[in-house]
Amino acid sequence: MTENARHIPVMLKEVLQTLAPKDGEVYVDATFGNGGYSEAILQAADCKVIAIDRDPSVLPRVNELKALYGDRFDFKAGTFGELTNLISEKVNGVVFDIGVSSMQLDDDFRGFSFSKEADLDMRMSMSGTSAKDIVNTMPEKELADLIYQYGEEKKSRQIAHKIALYRETKEIRTTTELAEIIYCVMPKKFGQIDPATRTFQAIRIAVNDELQQLKDGLSAAVSAVSGDGRIVVVDFHSLEDRIVKTFFAENAPKRVHTSRYKTTEDLPASDLPLAYASKAVMPTEEECLLNPRARSAKLRYAVKRKELI
């Protein structure tokens with residue numbers, strides 16, 4: 001796979017359609033990554049984009065966009081859960097691409113993938129508690145609960161027990177070591193999802209506090225956008241999607257039939273901050289063939305009430 005193929009932004013067409021960038025407005029790319037959404041928004045309208053990312057490895061790409069777009073592009077180092085602290089001005093839209101980025105998965109030294117030999121790290125910010133710390137120090141019961149809660153792994157207790165036995169005699173240091181321990185409980189089977197997938201997902205979520213970050217980020221986005229502003233979220237697994245779906249449902253009135261591109265005019269009045277929340281939008285079959293990462297993607301978006309600041 002080529003470098004360009006690996007870093008195709010997922011559901012880019014749908015993101016642009018629902019965000020609907022306009023000249024003179026300000027948008028937040030809350031998960032900058034390789035800058036695919038940021039650059040596409042900047043090309044779609046004569047607007048400004050403020051990007052956020054906790055990963056220091058994105059800085060070369062940040063500098064590239066600054067050189068191309070000047071004052072129309074700004075970058076804030078941090079997590080999207082800190083959005084309200086990072087950005088003081090009102091914005092017209094916020095877009096999230098939730099989860100680990102293709103760049104992070106493809107980096108042989110970051111420890112996100114069980115298919116590559118690497119230190120067991122998984123830290124998006126390259127600082128703080130690592131996956132190695134969690135796997136080697138967390139009590140067995142807590143580790144089992146973590147794998148079950150964040151990975152939805154039915155054999156979480158057996159996996160946690162096997163990890164606990166292994167680390168009694170040897171520290172678990174690499175991705176492949178951890179994967180092999182998991183395979184002792186759940187052997188690989190041809191044509192089926194790799195047995196290590198859910199456990200690695202669970203540990204990565206815990207290392208980066210991803211679910212709480214998502215909850216905080218959604219709340220911050222509602223505060224940051226002005227009336228008629230849009231919040232667009234692309235997520236990739238059920239835990240994330242459940243949070244997004246629930247948050248939008250709790251903060252928007254019961255859905256009425258309307259166009260994906262409709263503004264908040266003529267929608268029912270409500271005391272809730274959101275005027276409208278969409279159903280899940282799925283990627284096209286064509287995109288899934290061209291970009292396998294899109295297969296599990298869902299897009300949801302919401303529109304803030306027009307009369308709110």
Side-chain angles (χ1 to χ4, degrees), residues 11-31 37-38 40-42 44-52 72 74 76 78-98 211-235 240-282 297-309:
M11 299 188 74
L12 178 59
K13 178 181 177 182
E14 292 83 354
V15 166
L16 292 177
Q17 287 176 334
T18 51
L19 192 64
K22 296 180 177 60
D23 292 353
E25 295 192 340
V26 181
Y27 300 93
V28 174
D29 180 355
T31 48
Y37 289 156
S38 287
I41 295 166
L42 289 163
D46 184 15
C47 60
K48 178 181 177 181
V49 170
I50 305 171
I52 298 172
R72 291 180 57 209
D74 194 12
K76 305 290 184 181
T79 65
F80 52 72
E82 305 169 301
L83 193 151
T84 49
N85 296 326
L86 295 172
I87 299 172
S88 57
E89 62 187 294
K90 280 292 181 181
V91 301
N92 302 98
V94 180
V95 60
F96 297 86
D97 177 358
I98 303 301
L211 301 186
Q212 188 59 51
Q213 282 290 323
L214 177 55
K215 293 174 184 177
D216 293 345
L218 291 170
S219 295
V222 171
S223 297
V225 295
S226 55
D228 217 27
R230 298 190 170 210
I231 302 164
V232 182
V233 185
V234 178
D235 60 55
E240 299 166 344
D241 192 59
R242 197 175 302 138
I243 290 170
V244 178
K245 180 180 179 180
T246 300
F247 180 85
F248 283 168
E250 290 175 347
N251 288 280
K254 187 175 179 180
R255 190 183 300 113
V256 294
H257 179 71
T258 184
S259 165
R260 180 189 302 178
Y261 316 114
K262 188 175 178 64
T263 67
T264 57
E265 293 176 5
D266 302 324
L267 290 175
S270 170
D271 292 333
L272 297 168
L274 300 176
Y276 173 76
S278 76
K279 293 183 178 180
V281 179
M282 311 303 289
K298 291 182 181 179
L299 182 151
R300 296 181 188 272
Y301 79 97
V303 185
K304 191 167 179 177
R305 284 170 51 201
K306 190 176 184 69
E307 67 271 23
L308 295 180
I309 297 175

Are [X] and [Y] side-chain neighbours, meaning at least one heavy-atom pair lies under 4.5 Å?
X      : Y      : result
Asn92  : Lys22  : no
Tyr27  : Val232 : no
Lys215 : Phe247 : no
Tyr37  : Leu19  : no
Ile41  : Val95  : yes

Which heavy atom of [X] sits nearest to which heavy atom of [Y], and what is that distance?
X      : Y      : value
Arg230 : Val225 : O-CG1, 4.1 Å
Leu274 : Phe248 : CD1-CD2, 3.9 Å
Val94  : Val91  : CG2-CG2, 4.0 Å
Val49  : Ser38  : CG1-OG, 3.7 Å
Ile243 : Leu218 : CG2-CD1, 4.2 Å
Met11  : Val281 : CE-O, 3.3 Å

[X] [atom1] to [Y] [atom2] distance, which is reported to the nearest 0.5 Å:
X      : Y      : atom1 : atom2 : value
Ser226 : Arg305 : OG    : CZ    : 14.0 Å
Leu86  : Ile52  : CG    : CD1   : 5.0 Å
Asp235 : Asp241 : CG    : CG    : 4.0 Å
Leu214 : Arg242 : CG    : CZ    : 12.0 Å
Lys90  : Ser223 : NZ    : OG    : 6.5 Å

Any residue meeting side chain to side chain contact (heavy atoms under 4.5 Å, CB included) with Ala220, in chain and number order, not counting sequence neighbours: Leu83, Thr84

Intermediate values then yes/no, side chain to side chain contact (heavy atoms under 4.5 Å, CB included), Val244 and Lys298: CA-CA 10 Å; Val244 178; Lys298 291 182 181 179; over 6 Å; no

Using atom types as modelled and distance alone, determine if a side-chain donor or acceptor of [X] lies under 3.5 Å from a backbone N or O of [Y].
X      : Y      : result
Tyr301 : Val234 : no
Arg300 : Ala277 : no
Gln213 : Gly81  : yes
Lys304 : Val222 : yes
Asp23  : Asp46  : yes
Arg72  : Cys47  : yes

